[in-house]
Amino acid sequence: MSEFDLRKFEEEAHERWTHAFEPDPSDTEKFYLNVAFPYPSGAMHVGHGRTYIVPDVVARFWRMKGKQVLFPMAFHVTGAPVVGISKRIARQDEKTIRLYRDLYRVPQNVLDSFTDPLTIVRHFAAEYQRVMTDCGLSIDWRRRFITVDPTYSRFIEWQWKHLYEAGHVIKGAHPVRYCTVDDNPVGDHDLLEGDKAEVIRFTMVMFRYGDAFIPTATLRPETIHGVTNLWANPNVTYVRAIVDGKAWIVSKEAAEKLALQDHSVEIKEEVPGKSLIDKNVSHPLCGEVPILPADFVDPDMASGLVMSVPAHAPFDYIALRDLQQAGKYTTIKPIPLITVEGYGEIPAQDAVEKAGIRNQMDSRMDTLTQEIYSAEFSKGKLFAKYGGKPVRVARDEVAVLMTEKYDSVVMYEFDVRPVVCRCGNRVKVKILHDQWFLKYSDPEWKQQVSDHLKDMALVPPEVRVEFDRTVGWLKDWACTRRVGLGTRFPWDKTQLIEPLSDSTVYMAYYTIAHKIRDIDPKLLTPEVFDYIFLGKKSDELPEKKKLDAMRQEFLYWYPYDFRFSAKDLISNHLTFQLFHHVTVFERQNDKLPKGMVVFGMGLLNGAKMSSSKGNVFLLEDAVKEFGADTVRMFLMGSAEPWQDFDWRNELVLSTRKQIERFYNNVMETKDASGEPHDIDRWLASRLQAHIARTTTALDNFQTRQALQEAYFGIESDLKWYRRRLPEDCDGSRELHALCSVWVRLLAPFIPFTTEHLWKELAGEGLVSFAPWPVANPKLVNAKAELAEELLARTVEDIESILKLIQLKPKAITIALAPDWKEEIFRTVASAADKNTVVKEIMKDPAMRKRGKAATDAARQITTLIHRLPPHVIEPLVREPISEQDIFETAKTFLEQEFGVPVHITGAGESDLAKAATALPFKPAIIIE
RNA sequence: GCGAGGGUUGCCAAGCCAGGUCAAAGGCGCUGGAUUCAGGGUCCAGUCGCGCAGGCGUUCGAGGGUUCAAAUCCCUUCCCUCGCACCA
């Protein structure tokens, strides 16, 4: 008998699998699944392992179910990260070198070449392919590509032509977080501080100050009617600057910011804050008001000057009160302009006094401000003299009025400060021009996606709300970049198409990737792709024959059946691809994605896996140490795909033992030759349920559930089976069939071991293409299962009694319940209302005669029925079993189990007191 | 803050949608036993408390409620994880 040797199984299988998983269009029904392709900037860890093994298990499952399965793979190399990596390696950055040399184990000579970003992705793409193959992924590698292949770029250009023609690609200006030192937009990951900072749009209210303007930024322009004063910080030096030809007085910081926001700014002179205090300014909507001193005014916030509305802004109210308590400016009174339910005439005063706030430093001030802001926005109304409109309406109207008539402009600012770039510089808001967008905000486009989403299968179903929400929430997406790898943007060749925007319909490209390679990229005009993907004919198409073959591939495979990807891509990639699909394949609903499966994340020993933190276990090492099948089975069995899983070496080790146990089980039983017994009926019956449940689980992508059924379910049955065999028998010849089923059920999970076993079982061809087992209803034997259930329960009871009484038994008597109890059992079990059934039973004169014994029995039986599983009750009611026969047949077994004589008797015939406790399906047990 | 998911017996983790099969699957760990047995491997048993008869008691983040019956349904509350855009 051949030894359990995973390494050997792997070698054998790899040899036999060469070119086995390269499907072409055929008459067979297809199943196309794909997974978000990796960005190969480093080595694969076990977390990546699961991402690709799940679809492989599914692919193998459907392949065995007789489908023509396409599982392709490619590499996404578009974007900026490797550019940064190559730069860091070029300048010998310690951390980066350590990561690549020590953790990823890149040889020095290769590492030296990493100063070229493309070399990095090429190297790791090759590594990925090698490790994926080691894992037994049944990928069609003929279709592999990387996203900077010129051929792929032609495809992207074609895709974008359609997006553009549909009006979804627009050019515009856009406020972004910007670092003036790096001279680049700053993403979240590039921030040292303030990573949650949002860009807020303020209205600048322009107060007239002599021949100049003093702008104050506000989110509540309608409160202009209640302005009593301005605040300036006397300790700050402001500047007088010519902004767009007019004189403004703002803080120095503000002047710099305005220059980044489409204003021409020329600083003329400094203006000490002190010099502004007590001067007057005016605005057409509020008249003349004074400038008052306030230390809280931050020069780095908007213009560095603030308009004060003490009636509605708690901060303003307190600041004014503080001054007035010192005896200054006592003539100024808050001017209310909004009525709002739940607050008095002057809401800010009301709120501050109710809360008992003493000064500006009180920590509750922010919450209070937020409260009033929300209350007034949602429920507030302007006074009749200011138009009487709800705040939410008036706010925008006043803003428009100010912009049109009173010189107001927009200024962008962050909601939190400070915002600091990795380089240490303060980040500002810059308005970027020549910025291109995908107009995801377009309601019509959104609607198209929503409509299609309704028809899609989403796994697990809970993610549907997240998709719906994302579609609603998506705003315009900046889709071009200035740095990185990628395809040139057709309408501005200095820019590149952004990575999340060039990876949305490539699933269609997979169908032709292996064939389009033969054609010179120069010939790949949009017309060529229009023909392949949309069937649009046009004159003078090159290589017509090849194009026809590709058209045929596309028509055969598309749309894809399922796409697999991680949860965190819902809010961008997974939704983007739907937007792109509905446009590119407009009016071809039969080419739109059919389903998606969303993954959870991976943990390593309870902590999040992260390459940068070094908390990773390389997939390659795992495969070497434990074997590919072990890694696969562990990853599939420890959690369902959408749940988070935790990799722990000690658990993986026990998975390996399980595979070995399975292997030995099959090897030991496959050639059994005994005569079949009753217990074989039982085993076969149970097997049908395992087949059905494993199949259902895999139909639903529940890899864990499927493994529980296919592995543990069958294993524990086999254990009981062996226990029930007569002493001189090691199993019947029917076990061969069970082994065949078992091996096939586990083939998607542990393909290497099962491939070997399949050969040992003399199965035809590869197990990878063997027919998936189908449950045979004819082999389902409810009676046999019930009999074993009764027996197993009784054995368990006997064991637990023996353990308790701790005495050596001389004999065991099993006393069976009398017929009248059986009758009660059936009555109770089939009764709709189990509360009144006892009364019903006692109406029967025969029962009444039995008196208390009958009521007691009825009560006990009701409890018992509640405790028994439905799968026992139901057949029991439908078709009574003979407990007598069952125990008589199993008598030898019981005697063998317990080593003492076993007597079977009817409870009525026994004079032992205990016998009276016998119930149907729960015989009385008397141990002597 | 907004959105989503989650808190189960030493640990991991089923169960919850369709309330009684639940003292609660499976695995790990631990304890004991078997095995011509190396403190390793494999196998068996135990692993909330009490009990010399298959039982009883107390548990499923916390607090209430519905019900004959709740880990499962409803309400309140506390805690954790993830996503929130120019990044793959």
Side-chain angles (χ1 to χ4, degrees), chain A residues 36-41 76-82 174 176-177 185-190 196 198 370 415 432 435 437-438 440 460-463 465-466 468-470 472-481 484 498-501 503 566-573 576 600-601 603 606 608 634 637-640 642-646 648 650-655 657-658 660-661 664 704-705 707-708 711-713 715-716 719 789 793-794 796-807 833-836 862-863 865-873 914 917 922-927:
Chain A
F37 52 15
Y39 182 75
S41 64
H76 194 211
V77 305
T78 317
V82 281
H174 184 53
V176 294
R177 293 192 293 235
V186 193
D188 261 348
H189 54 289
D190 288 326
K196 285 282 171 279
E198 271 186 73
Q370 192 54 44
D415 59 341
L432 226 52
Q435 179 60 59
F437 294 91
L438 278 168
Y440 292 134
E462 299 87 68
V463 300
V465 285
E466 277 204 71
D468 287 338
R469 202 187 126 270
T470 302
W473 160 86
L474 275 177
K475 294 175 249 170
D476 295 344
W477 179 264
C479 61
T480 55
R481 295 290 177 274
E498 178 274 334
L500 286 177
S501 307
S503 53
K567 216 196 300 235
D568 49 349
L569 293 189
I570 294 175
S571 60
N572 48 50
H573 165 76
F576 288 4
M601 323 178 296
L603 304 177
K608 199 169 156 182
F634 174 78
S638 63
E640 299 296 3
W642 41 89
Q643 297 172 319
D644 297 347
F645 76 93
D646 192 7
R648 287 174 196 263
E650 68 269 21
L651 299 187
V652 179
L653 216 53
S654 82
T655 302
K657 287 183 212 157
Q658 285 159 356
E660 185 168 1
R661 221 155 60 216
N664 291 334
R704 181 192 155 90
Q705 181 67 35
L707 258 181
Q708 293 272 337
Y711 182 84
F712 297 104
E715 192 193 38
S716 74
K719 233 178 191 171
E789 177 94 33
R793 281 169 180 268
T794 309
E796 231 172 80
D797 278 354
I798 296 173
E799 280 172 342
S800 76
I801 296 167
L802 283 175
K803 208 163 56 211
L804 265 172
I805 59 174
Q806 308 253 312
L807 87 216
D833 185 351
K834 300 206 170 26
N835 300 316
T836 55
T862 310
T863 313
I865 283 171
H866 276 146
R867 287 187 177 183
L868 287 172
H871 75 254
V872 168
I873 306 284
K914 280 249 171 280
T917 62
K922 196 168 180 61
I925 296 158
I926 301 104
I927 295 171

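Remember, predicted model here, so these are calculated numbers, not experimental data.
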Original post:
Any idea which of B:G83, B:C87, B:U21 is nearest the A:Arg867 side chain?
Top reply: B:U21

Subject >> Pairwise P distance for B:A25 and B:C84, with rounding to whole Å >> reply: 39 Å

Subject >> Nucleotide of B:G41, B:A25, B:A88 approaching A:Lys657 most closely (side-chain heavy atoms) >> reply: B:G41

**OP:** Mind checking A:Glu466 for me? I need base, sugar-phosphate or nothing, with any heavy atom below 4.0 Å counting as a touch.
**Re:** sugar-phosphate

**OP:** Would you indicate what A:Pro923 reaches in the nucleic acid, counting non-hydrogen atoms under 4.0 angstrom: base, sugar-phosphate, or nothing?
**Re:** base

**OP:** May I ask you to say what A:Thr794 touches in the nucleic acid, namely base, sugar-phosphate or nothing, with a heavy-atom cut-off under 4.0 Å?
**Re:** nothing

Subject >> Donor + acceptor pair across side chains of A:Glu498, A:Trp477 (<3.5 Å) >> reply: yes

Original post:
How is A:Gln435 classified with respect to the nucleic acid when contacts are heavy atoms under 4.0 Å: base, sugar-phosphate, or nothing?
Top reply: nothing

Subject >> Between B:A23 and B:C80 - C1' atom distance, rounded Å >> reply: 27 Å

Subject >> Nearest-neighbour nucleotide for the A:Leu804 side chain, B:C87, B:C52, B:C84 considered >> reply: B:C52

**OP:** Take A:Arg793 and A:Glu789, measure what salt bridge (charged side-chain N to carboxylate O under 4.0 Å, His left out) needs, and give me the verdict at the end.
**Re:** CA-CA 6 Å; A:Arg793 281 169 180 268; A:Glu789 177 94 33; 3.0 Å; yes

Original post:
Side chain of A:Gln708: nearest nucleotide among B:U21, B:A25, B:A85?
Top reply: B:A25

Subject >> Nearest-nucleotide pick for A:Val465, side chain only, options being B:A88, B:G27, B:A4 >> reply: B:A4

Original post:
Looking across every strand, which nucleic acid part, if any, lies under 4.0 Å from A:Ala924 by heavy atom: base, sugar-phosphate, or nothing?
Top reply: base

Original post:
For atom P, what is the distance between B:A34 and B:G27, given to the nearest Å?
Top reply: 23 Å

**OP:** Under the side chain to side chain contact (heavy atoms under 4.5 Å, CB included) rule, what do A:Lys922 and A:Asp797 come out as? Steps first, then yes or no, please.
**Re:** CA-CA 9 Å; A:Lys922 196 168 180 61; A:Asp797 278 354; 2.9 Å; yes

Original post:
Which part of the nucleic acid does A:Arg661 contact within heavy-atom distance under 4.0 Å: base, sugar-phosphate only, or nothing?
Top reply: sugar-phosphate

Original post:
Taking the six-membered ring for Trp, are A:His76 and A:Tyr39 parallel (under 30°), tilted (30 to 60°) or perpendicular (over 60°)?
Top reply: perpendicular

Original post:
Rounded to whole angstroms, how far apart are CZ on A:Phe634 and P on B:C28?
Top reply: 12 Å

Subject >> Nearest-Å distance for atom pair CD/P, residues A:Glu462 and B:C17 >> reply: 14 Å

**OP:** Sort out the partner of B:G5 for me: Watson-Crick or G-U wobble, both distances under 3.5 Å, none otherwise.
**Re:** B:C80

Original post:
At under 4.0 Å between heavy atoms, what does A:Leu802 touch on the DNA or RNA strands: base, sugar-phosphate, or nothing?
Top reply: nothing

Original post:
What nucleic acid atoms does A:Leu651 come within less than 4.0 Å of, heavy atoms only: base, sugar-phosphate, or nothing?
Top reply: sugar-phosphate

Original post:
Choosing from B:G27, B:C87, B:A13, which nucleotide comes nearest the side chain of A:Arg704?
Top reply: B:A13

Subject >> Given B:A85, B:A88, B:G54, the nucleotide with the shortest approach to the side chain of A:Pro499 >> reply: B:A88

Original post:
When you measure from the side chain of A:Gln643, which nucleotide among B:G83, B:U21, B:A14 comes out closest?
Top reply: B:A14

Subject >> A:Gln705 side chain near B:A25 phosphate (N/O to OP1/OP2, under 4.0 Å) >> reply: no

Subject >> Sugar-phosphate only, base, or nothing, as touched by A:Leu569 at under 4.0 Å among non-hydrogen atoms >> reply: base

Original post:
What distance, rounded to whole Å, do you find between the two C1' atoms, one in B:G39 and one in B:U31?
Top reply: 15 Å

**OP:** Please measure how far the C1' atom in B:G64 lies from the corresponding atom in B:G51, and state the result in whole Å.
**Re:** 34 Å

**OP:** Can you tell me the distance, in whole Å, between the CD atom of A:Gln658 and the P atom of B:G26?
**Re:** 12 Å

Subject >> C1' spacing across the pair B:U9 / B:C28, given as an integer number of angstrom >> reply: 15 Å

Original post:
Rounded to whole angstrom units, what separation is found between the NE2 atom of A:His866 and the C1' atom of B:A70?
Top reply: 14 Å

**OP:** Please determine, for the side chain of A:Glu498, which listed nucleotide (B:A13, B:A88, B:A53) has the closest atom?
**Re:** B:A88

Subject >> Pairwise C1' distance for B:C82 and B:U77, with rounding to whole Å >> reply: 22 Å

Original post:
NA contact type, A:Leu500, heavy-atom cut-off 4.0 Å: base, sugar-phosphate, or nothing?
Top reply: base

Subject >> Whole angstrom value for the distance that separates P of B:A14 from CD of A:Glu640 >> reply: 8 Å

**OP:** Take A:Leu474 and A:Ser800, find for each the nucleotide of RNA chain B with the closest heavy atom, and name the residue whose nucleotide sits nearer the 5' end.
**Re:** A:Ser800

Original post:
Reckon A:Asp646 touches a base, only the sugar-phosphate, or nothing at all at heavy-atom distances under 4.0 Å?
Top reply: nothing

Original post:
Roughly how far apart, to the nearest Å, are B:C22 and B:A69 at atom C1'?
Top reply: 13 Å

